[in-house]
Amino acid sequence: MTDGIHKDRLDKLEALRADGQDPFPPRVPRGTPVAELLDGFDDRHGEVATVAGRLGVVRDFGKLRFAHLTDRSGSLQIGFQRDRLPDFWPTRKRIESNDLVSIKGELGVTKKGEPTLWASEVTLAGKALRPAPEKWHGLVDTEQRYRMRYVDLFANPEVRRDFMTRSRIVREVRAYFDSLDYLEVETPMLQPLFGGAAARPFTTHHNALDMPLFLRIAPELYLKRLIVGGMERVYEIGRVFRNEGISTRHNPEFTMLESYEAWADYRDIMARVEGLFAHLCKTVLDGRTKVTFRDQEYDLAPPFQKQAYLDLFAEHNPGVDWFDVDSVTRRAKELNLPIDGIEAGKLANDVFEATVEDQLTGPVFVYDYPVAISPLAKRKPEDPRVTERFELFLAGMELGNAFSELNDPIDQEQRFLAQVDDKDDETPGEVDIDYVTALEYGMPPAGGLGIGIDRLCMLFSGSASIRDVVLFPLLRRIDPAAASADPDAAADATNDNGGAANESSQ
RNA sequence: GGGGGCGUAGCUCAGUCGGUAGAGCAGCGGCCUUUUAAGCCGUAGGUCGAAGGUUCGAGCCCUUCCGCCCCUACCA
């Protein structure tokens, strides 16, 4: 890891220390955010100001130097003149690009009219022992961007901007539900049983209790216990964990919004979702309703299109009966879908996903999902084969899922039992009896909603990959030993004489 | 899990048919008081992801492995 530049900077650090200068002082003058100084700059000429931030590339003219300083709010040109900086000038080469500095000076402009802080005092705030990536292209290598997000963030301003957008979205989602008198709550991430969604969980273990635990795949069942408890309107924004594949749309841990509202049904929740998008457009997009995602433009202005699940199914699978196993199986074979050991309803839904989902440009609400694939949703009185449930799709991507919550404990227990019978590794091996008991105490009719916050952020920031809206996406660990040694070759070498193995284990 | 692509200096990238490892930026030594990817002169910097193999000779061809990206599958 020690290259020439690193060593050179270490030498500069030692030289500064030898001069009695602390390269990592506990505090320096903090200064004013750059954006504040640039605001109304024309009236600020001659004003003395202090700024603090990271120094960009230094353009050196011998007795005059320019560099931009960047802080969280923006960047401002700094002008260094030898005549003004008698104390700093002899050591100017030890304070260099990428160092963190605090600079006091006089606001002015250059001949070309660029706002500039003409430095009168330069204080090193933190020596950088490594250089910034290339000034023009920034850090491009995706692997390095994810592994060293700290570099990505200061080297690529648009990355910083996207994560500011994410922060803004989360804040405005809270503001929206808060304004509707919802209560923000926190429920267990460590759960003795997992449920509330269909996904493989991560497992862990509590030592003192000597108890196996699951990392939650959804907060759903706990939030509905709160509805039983009379909290009536609750939401949670929090991490959930699913032990599934990784893709541009899937990270093993992601952030989910779930909300539950007593005395509401799925129609009310549909209106809530539209209200949420309207609010986000107003606040996050400054009133715009159009976003560009994966080279396509989408209009997020409500109302959204609405289409019945079974209608869409029939449209894309003519002659196939969703509820008839044989007909669905034939269609699944036609589509080359795996069919062995897959429960009938799930198979039918697989056909739906294969034929319909990626066609859904949206935004569109797909509503009235069959009971078999909706174990927690209330049946529709007019047609007990389906439930009062909808999902929101955009760009072929599921953004949200909502339903009138099943509050019949007997029906709920039966559906849980059916799940246990069809046991696969995405459903728990036992019924969550306590949840059924909670329902037995009485839960008011309620509408619930789940929205993937990360995908929402992808949409609003125009990010094609979920990794661009997750600060530290999960990557395989780089094993220093494995990186330099082929196990087979090392084993062979050990068998022979061990020479190569010794070398490769360094 | 399946398919495709990529990995060369700190960073961004060239590298032809298999024949001495290259450029720009950053760095270092200089010149320059109004630059904006500053410019000019000079200079240093390499485990070509790793290990094997083929060959007189491998960054390039073959095998295996490691990592990342994209598509696909599972999911949200």
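Convention: sequence-line order gives letters A, B, ...; per-chain numbering from 1.
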Open item on the list: On a heavy-atom basis, which atom in Leu471(A) and which in Arg149(A) lie closest, and how many Å separate them?
Closed with: O-NE, 2.7 Å
Task: Euclidean distance for C1', C41(B) against G59(B) (whole angstrom) - done: 32 Å
Open item on the list: Please determine whether a side-chain nitrogen of the Lys or Arg among Arg9(A) and Asp99(A) lies less than 4.0 Å from a carboxylate oxygen of the Asp or Glu.
Closed with: yes
- [ ] State plainly whether the residues Glu391(A) and Arg389(A) are in salt-bridge range, i.e. N to O under 4.0 Å.
- [x] yes
Task: Closest listed nucleotide, where the reference is the side chain of Glu143(A) and the choices are U36(B), C68(B), U33(B) - done: C68(B)
- [ ] With sequence neighbours excluded, tell me which residues meet ring pair (Phe, Tyr, Trp, His ring centres under 6.0 Å) with Phe88(A).
- [x] Phe80(A)
TODO: Using the P atom on both, measure G53(B) against C60(B) and round to a whole Å.
DONE: 14 Å
- [ ] Scan Tyr309(A), Trp322(A), Phe313(A) and name whichever one has a ring-ring contact (aromatic ring centres under 6.0 Å, His included) with Tyr369(A).
- [x] Tyr309(A)
Task: Whole-angstrom distance between G3(B) and C11(B), as gauged at atom C1' - done: 32 Å
Task: side chain to side chain contact (heavy atoms under 4.5 Å, CB included) partner of Thr255(A), chosen from Val240(A), Val469(A), Asp454(A), Ile451(A) - done: Asp454(A)
Task: Minimum-distance nucleotide to Leu64(A) side chain [options: U33(B), U35(B), A73(B)] - done: U33(B)
Task: Atom pair distance, as rounded to whole Å: CZ in Arg145(A) and C1' in C11(B) - done: 14 Å
Task: Residues which pass ring pair (Phe, Tyr, Trp, His ring centres under 6.0 Å) with His45(A), listed by chain and number, not counting sequence neighbours - done: Phe41(A)
Open item on the list: Using a 4.0 Å heavy-atom cut-off, does Thr110(A) contact any base of the nucleic acid, only the sugar-phosphate backbone, or nothing at all?
Closed with: base
Task: C70(B) to G30(B) separation - C1' atoms, rounded to the nearest Å - done: 48 Å
Task: Nucleotide opposite C68(B) in a Watson-Crick or G-U pair, distances under 3.5 Å - done: G5(B)
Task: Those residues that, when tested against Lys306(A), pass side chain to side chain donor-acceptor pair (under 3.5 Å) (two or more places apart) - done: Glu274(A)
Task: Tyr182(A): ring pair (Phe, Tyr, Trp, His ring centres under 6.0 Å) partners, not counting sequence neighbours - done: Phe177(A)
TODO: Let me know, please, whether Lys63(A) or Val140(A) comes out on the 5' side of the other along RNA chain B by nearest nucleotide.
DONE: Val140(A)
TODO: With heavy atoms under 4.0 Å as the rule, sort Gly138(A) into base, sugar-phosphate or nothing.
DONE: sugar-phosphate
All N/O pairs under 3.5 Å across the protein-nucleotides 24-27 of chain B interface:
| residue | atom | partner | partner atom | Å |
| --- | --- | --- | --- | --- |
| G24(B) | N2 | Glu134(A) | OE2 | 3.3 |
| C25(B) | O3' | Lys135(A) | NZ | 2.9 |
| A26(B) | OP1 | Lys135(A) | NZ | 3.2 |
| G27(B) | O3' | Asp8(A) | OD2 | 3.4 |
| G27(B) | O3' | Lys12(A) | NZ | 3.4 |

Open item on the list: Looking at the base of U34(B), is there any donor atom on it, or on the side chain of Glu114(A), that sits under 3.5 Å from an acceptor on the other one?
Closed with: no
Open item on the list: Quick check on RNA chain B: between Pro252(A) and Leu475(A), whose nearest nucleotide comes earlier from the 5' end?
Closed with: Leu475(A)
TODO: Mind checking salt bridge (charged side-chain N to carboxylate O under 4.0 Å, His left out) for Arg147(A) and listing every partner two or more places apart, or none if nothing turns up?
DONE: Glu143(A)
- [ ] Answer with base, sugar-phosphate or nothing: what part of the nucleic acid does Asp454(A) contact at a heavy-atom distance below 4.0 Å?
- [x] nothing
TODO: Give Glu258(A) one of three labels, base, sugar-phosphate or nothing, depending on what nucleic acid heavy atoms sit under 4.0 Å from its own.
DONE: nothing
Open item on the list: Base, sugar-phosphate or nothing for Gly452(A)? Non-hydrogen atoms, less than 4.0 Å.
Closed with: nothing
Open item on the list: Considering every strand and a 4.0 Å limit on heavy-atom distances, what is the contact class for Glu391(A): base, sugar-phosphate, or nothing?
Closed with: nothing
- [ ] Return the set of residues passing ring pair (Phe, Tyr, Trp, His ring centres under 6.0 Å) with Phe304(A) (not counting sequence neighbours), or none when no residue passes.
- [x] Phe277(A), Phe365(A)
TODO: Using a heavy-atom cut-off of under 4.0 Å over every strand shown, decide if Ala198(A) touches base, sugar-phosphate, or nothing.
DONE: sugar-phosphate
- [ ] Answer yes or no as to whether C32(B) has its base stacked against Phe61(A), where stacking requires a ring-centre separation under 5.5 angstrom and planes under 30 degrees apart.
- [x] no
Task: Atom-pair distance (CD1 on Ile246(A); C1' on A76(B)), nearest Å - done: 14 Å
Open item on the list: Under 4.0 Å, heavy atoms only, any strand: does Asn251(A) hit a base, just the sugar-phosphate, or nothing?
Closed with: base
TODO: Sequence neighbours left out, what passes side-chain contact (heavy atoms from CB on, under 4.5 Å) with Asn243(A)? Give chain and number order.
DONE: Arg200(A), Phe202(A)
Task: Partner set under side-chain contact (heavy atoms from CB on, under 4.5 Å) for Arg17(A), not counting sequence neighbours - done: Leu13(A), Glu14(A), Pro23(A), Phe24(A)
Show the distances under 3.5 angstrom between N or O atoms of the protein and N or O atoms of nucleotides 4-9 of chain B.
none

Open item on the list: For G19(B), give the paired nucleotide (Watson-Crick: N1-N3 plus N6-O4 or O6-N4; G-U: N1-O2 and O6-N3; both under 3.5 Å), or none.
Closed with: C56(B)
Open item on the list: Can you tell me if Arg476(A) touches the phosphate of G67(B), counting only side-chain N or O atoms and a distance under 4.0 Å to OP1 or OP2?
Closed with: yes
- [ ] Name the nucleic acid region contacted by Leu139(A), choosing base, sugar-phosphate or nothing; use a 4.0 angstrom heavy-atom cut-off, strictly under.
- [x] sugar-phosphate
Open item on the list: Nearest to the Arg147(A) side chain among C68(B), U72(B), U36(B), which nucleotide is it?
Closed with: C68(B)
- [ ] Quote, to the nearest angstrom, the C1' distance that separates A23(B) from C56(B).
- [x] 31 Å
TODO: Return the value, rounded to whole Å, for the distance between atom CG of Asp60(A) and atom P of A37(B).
DONE: 17 Å
Task: Paired nucleotide for U63(B) [Watson-Crick or G-U wobble; both distances under 3.5 Å] - done: A51(B)
Open item on the list: Can you tell me if Phe254(A) is stacked onto the base of A76(B), using a 5.5 Å centroid cut-off and an angle below 30°?
Closed with: yes
- [ ] Could you name each residue pair satisfying salt bridge (charged side-chain N to carboxylate O under 4.0 Å, His left out) that touches residues 78-92 of chain A, not counting sequence neighbours?
- [x] none
TODO: For C48(B) and G22(B), measure between their C1' atoms and round to the nearest Å.
DONE: 12 Å
Task: A44(B) and G5(B), which share atom name C1', separated by this distance in whole Å - done: 35 Å
Task: Mate of U35(B) where both pairing distances stay under 3.5 Å, Watson-Crick or G-U - done: none
- [ ] Check every strand shown and say whether Arg467(A) touches a base, only sugar-phosphate, or nothing at a heavy-atom separation below 4.0 Å.
- [x] sugar-phosphate
TODO: Could you tell me whether Arg65(A) contacts a base, only the sugar-phosphate backbone, or nothing, with contacts defined as non-hydrogen atoms closer than 4.0 Å?
DONE: nothing
TODO: Let me know the distance between CG of Asp141(A) and C1' of G49(B), rounded to the nearest Å.
DONE: 12 Å
- [ ] Scan every strand shown for a Watson-Crick or G-U wobble partner of A73(B), both distances under 3.5 Å, and answer none if you come up empty.
- [x] none
Is there any protein nitrogen or oxygen under 3.5 Å from a nitrogen or oxygen in nucleotides 40-42 of chain B, and what are the pairs?
none

Open item on the list: I'd like the C1' distance from A9(B) over to A26(B), given in whole Å.
Closed with: 11 Å
Task: Flag for Glu357(A)-His316(A): side-chain donor and acceptor within less than 3.5 Å - done: no
